[in-house]
Amino acid sequence: MSKNNDEQFKNVISHAKEYGFVFPSSEIYDGLSAVYDYGQLGTELKNNIKTYWWKAMVQLNDNIVGIDSAIFMHPKIWKASGHVDGFNDPMIDNKDSKKRYRADQLIEDKIARFEKDGKTEKAKTLQSELDSALEADDLPRLKTLIEEYEIVCPISGTRNWTEVRQFNLMFSTQMGAMADGSDEVYLRPETAQGIFVNFLNVQKSGRMKIPFGIAQIGKAFRNEVIARQFIMRMREFEQMEMQFFVRPGTELEWYEKWKALRLKWHLALKPEASKYRYHDHVKLAHYANAAVDIEYEFPFGFKEVEGIHSRTDFDLSQHQKFSGKKMQYFDNEINQSYVPFVIETSIGLDRMFLTALCNAYEEQDLSTEDKQDSRRVLHLHPALAPIKAAILPLTKKDGLPEKAHEIVNALRLDFNIQYDEKDSIGKRYRRQDAIGTPLCITIDHQSLEDDTVTIRHRDSMEQERVAIAQLPQMVQAIAGWKGLLQELL
RNA sequence: GCGGAAGUAGCUCAAUUGGUAGAGCGAUAGCCUUCCAAGCUAUAGGUUGCGGGUUCGAGACCCGUCUUCCGCUCCA
């Protein structure tokens, strides 16, 4: 990260805290690592991002519906999805090279070497010992195996190992009031499985015909090896996911289609287009046959904001196997039943929030020859802005506040409005700039005579005189959803 | 988890070799009334991250701990 970008990112974080967008969790108790709270304005922005996504997915597509599944799910679901076996890795560190390895893989490598050297007996023995240790979750045994077979670090060549520790991706807790004898359940590490296990419910109750999609916004939880970069990687985070069910053989067409549609969704917010790019996955997850990330160029580099995966029929087939229920669809057009294939679009809400914030934040130099001047402004898309308009009486006497309150009352039925009469008008404009309010409506003495006000625009700082009666339509046109959603059609 | 750096007011930062914790911005109340910040007056806000130690005396020195940032690794 360059010095400049480093500065810039720090400023974004302070700005987010200073104006009530994001606070570190449990701050008065010294904080909780990799957990953050959304403040009064952050919550508005976050809700607006959710609304934009939900409308784009559910409202604009007649073959996509939304659900809200529970965070707790049957533990078997995570067996079926592969999370229990795939993300409970025994980890070991070499103290000299400072490298971390999966203990089982180190032993596997040793077995492979035995076989290569023709020592098949030794290979077999070690393999069975490894299997029984893994079966029993016997971590100390893994350590002794590594010691007994004199396995060295490929980098440092030493045998200076730490203890073997279990890395658990999933958080677990107890279901039921009694701690003993109750079942262990997990906090979901992704929302997708809540969609898959409701596939039949939604398909049947909604009379859905393939192709169709199920959308969901919700919290998910992951223990990360390391959490970093502000709200980029959090232990508790929120996902906006859509699983689109298609006929086998057509999945790659749909994959291409959703890939294009999702980028369009991002670009409709009018960010700097050059800060977005696709990043194809070379190494695919076990369940996917195509995958791409939509990346945004943060101050600390290009990072994934959203992923589009062609998940094949892996998830539904797994649930069919583990639950014993037929996860199939009868397709009238081709007169046959099949397990649908799935295209997933999965966007991290918190990352999207950070994208919007980084993209919007600007320290603007407004200096002229006579006067030094600057402002900090959030160029948020008006539809995402927490506050749509500020109502500002030019002075706080002569009946201007009363007139202003009339306007507040007329607009607040439709929009988030702020009223402010403190300090000079210029200062109030700058305060609104800092939180991204697109419109400032100023009431002056003329307003009392002819029912007009000035509207001051955030980005251009230009003003225009309009009739009070025009305000609802004007705010609607600028900050409403319609204009933004039209970009997607 | 390892290595490096850092934690002082809401934000950005000061505080000689250890000697009374401060400034700017911001906030609040009032004045001013003026369509683009930094005008005037007053006020609030701190157990210097936390715990221990050395010392007559610690924001500073030592130990521990927590948190954050930067690199290595993974992910949405």
Side-chain angles (χ1 to χ4, degrees), chain A residues 1 3 6-7 9-11 13-20 23-35 87 89 91-102 155 162-163 165 167 169 189-192 220-234 237-241 285 293-295 300 303-309 344-352 354 364 366-367 371-376 392-398 400 421-434 440 442-446 453-456 458 461-463 465:
Chain A
M1 199 187 311
K3 194 104 187 205
D6 198 6
E7 253 344 91
F9 188 50
K10 278 188 177 144
N11 291 345
I13 295 171
S14 326
H15 194 84
K17 184 182 174 196
E18 196 169 355
Y19 288 94
F23 307 123
S25 162
S26 317
E27 205 184 4
I28 62 170
Y29 290 101
D30 236 359
L32 189 61
S33 185
V35 185
F87 295 96
D89 303 329
M91 309 298 278
I92 190 165
D93 296 89
N94 183 273
K95 290 177 187 167
D96 298 315
S97 64
K98 313 289 184 203
K99 288 289 169 191
R100 171 171 293 174
Y101 301 92
R102 279 179 51 181
I155 308 271
T162 63
E163 294 306 305
R165 281 161 309 189
F167 170 69
L169 176 92
E190 64 174 28
T191 54
F221 306 83
R222 283 185 196 184
N223 262 316
E224 300 286 356
V225 179
I226 192 77
R228 276 295 165 75
Q229 274 148 350
F230 196 39
I231 56 174
M232 199 61 196
R233 284 189 76 178
M234 297 198 290
F237 60 104
E238 202 155 0
Q239 293 181 307
M240 304 191 288
E241 292 196 315
D293 292 338
I294 293 175
E295 296 188 335
F300 43 86
K303 297 282 172 190
E304 174 181 4
V305 178
E306 173 157 9
I308 295 110
H309 292 240
E344 168 188 271
T345 74
S346 171
I347 171 168
L349 174 53
D350 310 280
R351 289 183 176 188
M352 184 57 210
L354 188 58
Q364 222 169 33
L366 300 171
S367 298
K371 193 182 163 198
Q372 285 250 321
D373 195 4
S374 67
R375 68 168 180 164
R376 290 192 292 170
L392 314 170
L394 193 56
T395 72
K396 54 180 159 183
K397 41 185 174 190
D398 305 334
L400 297 186
E421 59 174 34
K422 175 77 180 165
D423 295 317
S424 73
I425 191 70
K427 212 165 187 170
R428 282 180 276 167
Y429 286 154
R430 300 301 168 85
R431 266 206 286 269
Q432 295 301 326
D433 290 339
C440 287
T442 304
I443 293 84
D444 56 17
H445 292 88
Q446 190 188 331
V453 291
T454 53
I455 283 201
R456 179 264 193 188
R458 176 194 67 199
M461 297 171 74
E462 278 167 7
Q463 300 180 70
R465 189 109 205 148

With the side chain of [X] defined as its heavy atoms from C-beta on, choose the nearest nucleotide among [options].
| X | options | answer |
| --- | --- | --- |
| A:R222 | B:rC35, B:rC75, B:rU33 | B:rC75 |
| A:D373 | B:rC36, B:rC35, B:rA76 | B:rC36 |
| A:K397 | B:rA37, B:rC32, B:rC36 | B:rC32 |
| A:K396 | B:rC35, B:rC32, B:rA76 | B:rC32 |
| A:Q463 | B:rA76, B:rC74, B:rC35 | B:rC35 |
| A:R233 | B:rA37, B:rU33, B:rC74 | B:rC74 |
| A:T454 | B:rC36, B:rC35, B:rU33 | B:rC35 |
| A:R465 | B:rU33, B:rA76, B:rC35 | B:rC35 |

[atom1] of [X] versus [atom2] of [N]: gap in Å, rounded?
| X | N | atom1 | atom2 | result |
| --- | --- | --- | --- | --- |
| A:K303 | B:rU73 | NZ | C1' | 11 Å |
| A:K17 | B:rC69 | NZ | C1' | 15 Å |
| A:Q364 | B:rC36 | CD | P | 16 Å |

- Taking N and O atoms by type only, does the side chain of A:R351 place a donor or acceptor under 3.5 Å from a partner on the base of B:rC75?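 Under the 3.5 Å cut-off, the side chain and the base do form a donor-acceptor pair.
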- Upstream residue (5' side of RNA chain B) when A:V35 and A:D293 are each assigned their closest nucleotide: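 Nearest-nucleotide comparison on RNA chain B picks A:V35.
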- Take A:N11 and A:G426, find for each the nucleotide of RNA chain B with the closest heavy atom, and name the residue whose nucleotide sits nearer the 5' end.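 Its nearest nucleotide being more 5', the pick is A:N11.
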Hey, does [X] reach any base, or is it just sugar-phosphate, or nothing, if we go heavy atoms under 4.0 Å?
| X | result |
| --- | --- |
| A:S14 | sugar-phosphate |
| A:D444 | base |
| A:I425 | sugar-phosphate |
| A:R375 | nothing |
| A:Q239 | sugar-phosphate |

- Task: Would you mind telling me which of A:R456, A:K427, A:R428, A:R376 makes a salt bridge (charged side-chain N to carboxylate O under 4.0 Å, His left out) with A:D433?
- Result: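 The residue from A:R456, A:K427, A:R428, A:R376 that satisfies salt bridge (charged side-chain N to carboxylate O under 4.0 Å, His left out) with A:D433 turns out to be A:R456.
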- Item | Counter-base of B:rA9, judged by Watson-Crick or G-U geometry with both distances under 3.5 Å | none
- Identified pairing partner of B:rC50, criterion: Watson-Crick or G-U wobble below 3.5 Å: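 Here B:rC50 is engaged in a pair, and the nucleotide opposite it is B:rG64.
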List every contact pair, protein side and nucleotides 26-28 of chain B side both N or O, where the distance is under 3.5 Å.
| unit_1 | atom_1 | unit_2 | atom_2 | d |
| --- | --- | --- | --- | --- |
| B:rA27 | OP1 | A:R431 | NH1 | 2.9 |

When the [atom1] atoms of [N] and [M] are considered, how many whole Å apart are they?
| N | M | atom1 | answer |
| --- | --- | --- | --- |
| B:rU43 | B:rC62 | P | 39 Å |
| B:rU8 | B:rA21 | C1' | 8 Å |
| B:rU48 | B:rU67 | C1' | 16 Å |
| B:rG59 | B:rG39 | C1' | 36 Å |

- Query: If the sugar-phosphate is the primed atoms plus P, OP1 and OP2 and the base is the rest, what is the B/S/- string for nucleotides 45-51 of chain B, using protein heavy atoms under 4.0 Å?
  - Reply: ----B--
- Message: If stacking means aromatic ring centre less than 5.5 angstrom from the base's six-membered ring centre, planes under 30°, is A:Y429 stacked on B:rA37?
- Response: no
